[in-house]
2 protein chains.
Amino acid sequence: MELRQLRYFVAVAEELHFGRAAARLHISQPPLTVHIKRLEQTVGATLFDRTSRSVQLTAAGTSLYPRALAILDDVNRASAEVGLVAEGQVGQVRLGFVSSASYEVVPLALREMREEHPGISVDLEPLVTGEQLEALMQHRLDLGVVRDAPLHPGLDFVTLREERIVAVVPADWRIALDESAGLGTWKRCSGYVVALWSAEE
Amino acid sequence: MELRQLRYFVAVAEELHFGRAAARLHISQPPLTVHIKRLEQTVGATLFDRTSRSVQLTAAGTSLYPRALAILDDVNRASAEVGLVAEGQVGQVRLGFVSSASYEVVPLALREMREEHPGISVDLEPLVTGEQLEALMQHRLDLGVVRDAPLHPGLDFVTLREERIVAVVPADWRIALDESAGLGTWKRCSGYVVALWSAEE
DNA sequence: GGACCTTACGCTTTACGTAACGATA
DNA sequence: TATCGTTACGTAAAGCGTAAGGTCC
């Protein structure tokens, strides 16, 4: 069975007239007759009771008609939506992320995605760094959000944000008291020293 | 888009190898390449990322694959079931009946249908005789169950059963008292005469 | 060099249109 | 006789296979 035959069948089923159906299909009647006969042969059933005066659907034809419509509709929708997927208007992104990214990075990114690419759904997968790298290599993920991953052949890395690392130590520890330890800034806070320095230093 | 192209696409999508897909389809590789390229052209999207080392589905191809499977499956099911309809194993019968037939004739017939033709569903329509005849002529019904209909051109009539007509009259009516009135049998019953005679008489 | 996808080309099959035929009212 | 579906046949298009070309290990 071929889609062409289903298209021809639908035209005849709707017109109940080979001449008009052929005109609608922009072909002449004879090939239409041939295609319908071949379709009848492949499904093993007469689809139309036809005399020179009238064309009527048989029970088999009546049962085929809605199925044929549905199939042709599915085909058209599939074709259209595959085009949209290719254009990036519709689709799915599988995103892995370390759980600590769920506080700011991921929620902000999701909000931006919803606004700028409403047709793209995001499949969220909380995974530790190593699992993400493995999943990315096996194409089970499209994107990963990690902290401090070692460069990995076959994967591209982009810095999303740089964070300051905070050390909190008892105020009487040696590092806290040694102002020459290379700390950027520090302050005393309820008995502890909180030191901040930037990642890039 | 044609079904052949979807079949070829599915083969390549499952094998991820043009050579093996072609072998599975019992054709040589070159026509397969051509068909895939044409399919890609009609849907407006590249379906495979292919190098001489590997063939991989693109996002568009990934979205097409399950749709193609569903379409091909629908086509096969449609073909098979249309065949069954033609053989009379599956289908629907639209049955009209006068309400008085709902006591015995219709229930017995339905029980027999369920047992002997489990694939046939019966659409029941309670209608008076005139409505049934009209609906039958317009092919809105397949069968009608009526009482005592006048023969109608274009319709076949079959006697399902012959019923005895019962007259119940006060016992002092003249017909009740006249034993030569042609009644088959009669009996007195709480002040009435109940007379029975057969339709064929 | 080998594996694999693609392009080129000749041949077979399929599809289409015109014309002739058959059936029905 | 007019309408409409079918069959016959010549031509155009599509599909396939073999052979040659390109690219990546």
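Here is the naming used below: chain letters follow the sequence lines, and residue numbers restart at 1 for every chain. Worth knowing before you read on, the calculation uses all heavy atoms, side chains too, and leaves out hydrogens, waters and symmetry mates. Keep in mind that this is a model prediction, so the values were computed, not measured.
- Across A/Ile120 and A/Val90, no two heavy atoms sit closer than the pair CD1-C, 3.7 Å.
- Taking the charged nitrogens against the carboxylate oxygens, A/Arg38 and A/Glu2 have no contact shorter than 4.0 Å, which rules out a salt bridge.
- In this structure, B/Leu16 atom CG and C/dC4 atom P are separated by 13 Å, rounded to whole Å.
- Shown for residues 42-53 of chain A: residues whose heavy atoms fall under 4.0 angstrom of DNA chain C, namely A/Ser52, A/Arg53.
- Looking only at distances, no side-chain donor or acceptor of A/Gln5 sits under 3.5 Å from a matching main-chain atom of A/Ile36.
- When side chains are defined from C-beta on, B/Val10 counts as touching B/Glu14, because their heavy atoms get closer than 4.5 Å.
- Within the 4.0 angstrom heavy-atom criterion, no nucleotide atom of any strand lies near B/Val34.
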Just by protein heavy atoms under 4.0 Å, how would nucleotides 12-17 of chain C read 5' to 3' in B, S and -?
---SSB
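- Other residues, nucleotides and ligands contribute only 12 or fewer heavy atoms inside 6.0 Å of the CG atom of A/Asp156.
- Atom CG of B/Leu39 is separated from atom C1' of C/dT6 by 17 Å (rounded to the nearest Å).
- Protein atom CG of A/Leu3 is 16 Å distant from nucleotide atom P of D/dA14, rounded to whole Å.
- Between B/Lys37 atom NZ and D/dA14 atom P the separation is 18 Å, expressed in whole Å.
- Counting to the nearest Å, the P atom of D/dT3 and the NE2 atom of A/His17 are 10 Å from each other.
- The distance between atom CZ of A/Arg20 and atom P of D/dT3, rounded to the nearest whole Å, is 14 Å.
- Contact annotation: the side chain of B/Ser100 approaches that of B/Arg147 to within less than 4.5 Å [non-hydrogen atoms, C-beta and beyond].
- Between A/Phe48 and A/Phe18, the ring planes lie perpendicular to each other; the angle is over 60°, past the 30° to 60° tilted range.
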